[in-house]
Structures are given as C-alpha cells and as structure tokens.
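Hydrogens, waters and symmetry mates play no part in the numbers below; they use all other heavy atoms, side chains included. Index from 1, following the sequence.
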Amino acid sequence: MKLERTPEFERAWELIDGETPFVFITGRAGTGKSTLLRQYCLASQRSVPVLAPTGVAALNVGGETIHRFFGFAPGITVKDAKRKGANSEDKLYRKLNLIIIDEISMVRADLLDCMDAFLRAARKDQRPFGGVRIVAIGDLYQLPPVVATLEQESFARLYATPYFFSAQAAQELLDAGQVAFFELQKVFRQDDANFIKILNGIRDQSISAAELEELNRRIKHGALPEDTIVLTPTNRAADALNDRRLVSLLPKAKRFEGHASGDFGERDMPTDLVLKLKRGARVMCTVNDPAGAYVNGSLGWVKGYEDEGVLVELDDGPTVRIDEYTWNMFRSKFDIFSGRLDQEKIGSFTQIPLRLAWAITIHKSQGKTFDDVVIDLDRGAFAAGQVYVALSRCRSLEGLRLTKPVTLNQIMLDKAIVEFLSEMRGESMQPRNLFAFKPQSGLPVVETIKQTEIEYVDEGE
C-alpha cells in the first residue's frame, strides 16, 4: 500500500517530531498507520526505539517487543519494574528522548505502567515515563489486550479498563492535558464508499439492518474455493483446514528445517520452524521481496523446487523462486562513542518465507490486504474487533465471501473505547473514571494479576 504525502500525513509526522509528552495516532483499518511508521523510521535522522506488544508485531515494523527492550520477564509487576529500573546502569534508558509503540490496542494498562515505573526510576525523573516522550500508534477498535479469565476481577480493582489509556501514567498525562490525539482519515485499502460505510458500521457498532443484510448477501454455500484465503478466529480451525488440504495432495511433503539462533523464540517466528510443503500447496509470502516481485501477504501456489528454493506461481505475477530468508531480532543499545542509540542483533531465524495459506487466523491477518477472502467465523467471534479486522482485510465487497451470517451479537464493542475516543475528539466530556471494564470471554487463563508477555492467543490454541 503506497501512502500519499497528504496534509494529514504531514500533520502526524509533525506530532511525532513535536514536544507533546504523549501522542496517540489512530485511524481505521487501511489508513496507513504501519506504513506511516515505516516511512518515518526510514526518513528520520533520529534513532528511535520502535516497540510492540508481540514478537510478530515487532518484526513487522523492524522493532522489538516491550518486554525485550526493558528486560521484563514474564510475571513483571509495577513494583518489580520500578526496582529493575532503579538498579539499571544502562545508559540507553538515560539517553532516550522518544519511544514509539505500535499496535497500542493490544498493550495492557499495567504493562504501560511498568514502562512508566521503570523509566522514572532508571532516569531518576518523576515525570511520566521519566520525561521520555511516547508516540502510540494503533486502532482501539481492532484486537484488544489479553486479560485472562482468572485475573479479570483483580485487574478490574486496579484499572477501569484493560486499555493503555487506563494506565495510571496515561491518566496523569490526560489530566494534565499533555496528550495529543490525531486520527488518520483517508482509507487506502478500499475505494468502494459503500463497503467503507459497512466496515465503519461494523467498527463502531452502528451498522444498519439494511447494511447488515447487504453484507450477509455475501454468504456462499458449498465447497470453499481453493484459491481464496480463509480467515478464521482460531488456530485450531486454520490448522485443520491447512492440514486437510495438504494431505489431499498426492506428492510427498518436502520438509524445510528452519534454524534459530540467539534470542529468537518460536513464538516470534513468522512461519513454521519445520515447514512442510507439497507441489500444489497454497502459500502466502511472509516477507517483502527487495526486487518487488511479491510482498508480505502475496498468495500463490507451489509449483516445484529449484536448488534450495521453492518455485511459487504468484496469483498476481510470474513464477518466482523463493529462497531462504533470515529475520533478525534487534535490541536497542546506547553507543558511548557516537552518543546515539543503535540496534544490536541478538537473534536470528532462517527459513523459507512462506506459510500454508488455505487458511490463517484473523490475528495473523492483521495488517495484511487481500483481493479475495473467505470469512469463516467457525463457532463465532470471541473478542472485540475480530469481525472488523477480518472483514477489513478485503479490498472490496465483491471479493468477500462468508460461510455463515454475521450477527449483531458478534459485533462486539467496548463502550469505554467510544467514550475515550469521543473525549479525545472533543465530542464528549465523560469522566474517565466512569469507564466500565467489561471482561471478555474466551481468554487464556493464568492465576495472578502479574503482567506476562503474551502473543495474542487465539481461542483453542
């Protein structure tokens, strides 16, 4: 997706480079949030840590996870983070001016407070985040933070909502009027005004009966087309379809053994450590080709093998050979000689950059764009934002196919998000302490209120 240098793009850039202590940049799916971030990092002369809540999200923007950057272990609490910051002798944290956080919708309030406590202690500065400016990018209407079932009651005693804006540090900045808000408006992914209107109705739960009826006309019964990717809520459903389709192919599977080194965990891998492919397998590329032949999300068919590479006939291009690719995991560090923040490689993963793609989870589809999509909600959506993320991956209504109707009870919306965004837009002055945290079902179970580094867990994983 090519992002035009529109006036709103320039305004967002100015805010990133400005002086406001906390900047929140949001926008609907397809408005170029990730592209804006990538272009800023490429063009900026400043060395800025780019953090994300999960390993996969961090790889997508060439950054690192919040946990890795701060050295937070699973089970970190605000008290632990403060102690860890006070004991830190790393000049990196004292030299920081700005941190960018992508996919802010999935960052829990307590994790943001852990960042705040660490930085205040490490920098011996009692301003929020120790005086470090924060730029948060993401769409609150998309996938939410994970709050486990058994910790919901304890969490609700500490925070009004699980979202980043309920963190004590965020509340302090909001009360002081030190938060800048900017909303990208231009949609690049879709150009059909009617489809955009339907997506907006799904996004904010304002869809009319007529619009929902029009959406549900996209229900197509019968066998799923093999050349159209299926998006489904759970890993179980996606894996089952991929395995079934792969087994149905006659050739023997060829195994590609990946290799990881250093600090690169399996949960961070953008494809399988052991990848099994056959001729005729439906696959999706998981990197951008430097030569431009394919991008992350391009679909195609395995046609054969050449040397150590895989020959893939792309849907929208020629047959290309895709060779091994190495993803690197980085950590920010302070260079005492240059006085700059540099990126130090701490791990790598080498594998053929393909994954089976008859089906993928809605979570793994976030940030990608497809011309044709089948949405199979299986047993139904189990988290706010899932239906919106799934539908908004498709460029057009004509390219969309449903296996079952979308119902109103699947279009979940947390009113706390509406109230917060209304306040940011100046549309409402609802007191922030009236936000109601409504626990979600189907979330992974842990036993305490401790913050953990969790890849967004699909139900049934």
Side-chain angles (χ1 to χ4, degrees), residues 1-53 57-64 66 69 95-107 112 115 119 127-142 164-165 169-170 173-174 176-191 196 288 295-296 330 332 338-343 366-369 392 420-421 423-426:
M1 178 178 63
K2 183 178 179 181
L3 186 63
E4 301 172 5
R5 294 297 292 266
T6 60
E8 66 174 15
F9 177 91
E10 299 290 351
R11 176 58 182 150
W13 198 298
E14 290 172 3
L15 287 173
I16 297 174
D17 277 337
E19 297 182 355
T20 306
F22 196 105
V23 177
F24 175 37
I25 297 174
T26 190
R28 291 167 288 176
T31 52
K33 296 181 296 295
S34 295
T35 308
L36 166 66
L37 173 55
R38 284 192 292 268
Q39 291 194 1
Y40 175 83
C41 291
L42 284 173
S44 175
Q45 298 301 309
R46 305 166 64 180
S47 182
V48 178
V50 178
L51 311 183
L59 281 178
N60 286 340
V61 292
E64 57 190 304
I66 294 170
F69 180 79
K95 296 293 183 179
L96 286 174
N97 295 307
L98 171 67
I99 292 175
I100 298 176
I101 306 173
D102 194 30
E103 299 291 4
I104 191 65
S105 72
M106 292 191 288
V107 175
L112 198 69
M115 293 173 53
L119 288 170
R127 290 177 295 173
F129 302 100
V132 178
R133 295 183 61 243
I134 303 294
V135 172
I137 302 174
D139 181 7
L140 287 167
Y141 286 104
Q142 297 192 38
F164 80 93
F165 54 77
L173 289 165
L174 285 163
Q178 294 182 323
V179 176
F181 173 80
F182 189 76
E183 190 166 15
L184 298 166
Q185 298 290 340
K186 181 176 175 58
V187 177
F188 294 87
R189 184 175 292 142
Q190 295 93 12
D191 54 16
I196 291 174
N288 295 324
V295 298
N296 186 354
F330 294 96
S332 298
S338 67
R340 290 175 51 86
L341 297 180
D342 290 332
Q343 296 293 305
Q366 191 163 358
K368 292 181 171 57
T369 301
S392 61
F420 171 71
L421 292 176
E423 184 177 354
M424 290 294 95
R425 296 177 185 129

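- A distance of 11.5 Å separates CD of Q39 from OG of S34, quoted to the nearest 0.5 Å.
- Partners of Q142 by side-chain hydrogen bond (donor to acceptor under 3.5 Å, both in side chains), not counting sequence neighbours, listed by chain and number: D139, Q366.
- Considering only residues two or more places apart in sequence or on other chains, R127 meets the salt bridge (charged side-chain N to carboxylate O under 4.0 Å, His left out) condition with D125.
- By the side chain to side chain contact (heavy atoms under 4.5 Å, CB included) test, Q178 pairs with P21, L173, A176, sequence neighbours left out.
- A 4.5 Å side-chain heavy-atom check between L51 and I99 finds at least one atom pair inside the cut-off.
- Here V61 pairs with L37, V50, D102 under the side chain to side chain contact (heavy atoms under 4.5 Å, CB included) rule; sequence neighbours left out.
- No donor-acceptor distance shorter than 3.5 angstrom exists from the side chain of N296 to the backbone of N288, with no hydrogens or angles considered.
- Rounding to the nearest 0.5 Å gives a distance of 5.5 Å between CD1 of I100 and OH of Y40.
- Proximity of L112 to I101: side-chain heavy atoms (C-beta onward) are separated by under 4.5 Å at one or more points.
- For the atom pair CD1 (I66) and CE (M115), the distance works out to 5.5 Å, reported to the nearest 0.5 Å.
- Contact of the K33 side chain with the L184 side chain is registered, since non-hydrogen atoms from C-beta on lie closer than 4.5 Å.
- Taking F181 as the reference, F24 meet the ring pair (Phe, Tyr, Trp, His ring centres under 6.0 Å) condition, with sequence neighbours excluded.
- Scanning all heavy atoms of the two residues, the minimum distance from S392 to Q190 falls at O-NE2, 3.0 Å.
- Side-chain contact between F69 and P49 is present, with at least one heavy-atom pair separated by less than 4.5 Å.
- Here the side chains of V132 and L98 are not in contact, with every heavy-atom distance at 4.5 Å or above.
- Two residues are said to be in side-chain contact when any heavy atoms from C-beta on lie closer than 4.5 Å; F188 and T35 fail this criterion.
- Between I104 and F165 there is no side-chain heavy-atom pair separated by less than 4.5 Å.
- The ring pair (Phe, Tyr, Trp, His ring centres under 6.0 Å) test applied to Y141 returns no partner, not counting sequence neighbours.
- Applying the side chain to side chain contact (heavy atoms under 4.5 Å, CB included) criterion to Q185, with sequence neighbours excluded, gives E8, R28, E183.
- For A180, the side chain to side chain contact (heavy atoms under 4.5 Å, CB included) partners at least two apart in sequence or on another chain are L15, T20, V23.
- Here the side chains of L96 and L119 are in contact, with some heavy-atom distance below 4.5 Å.
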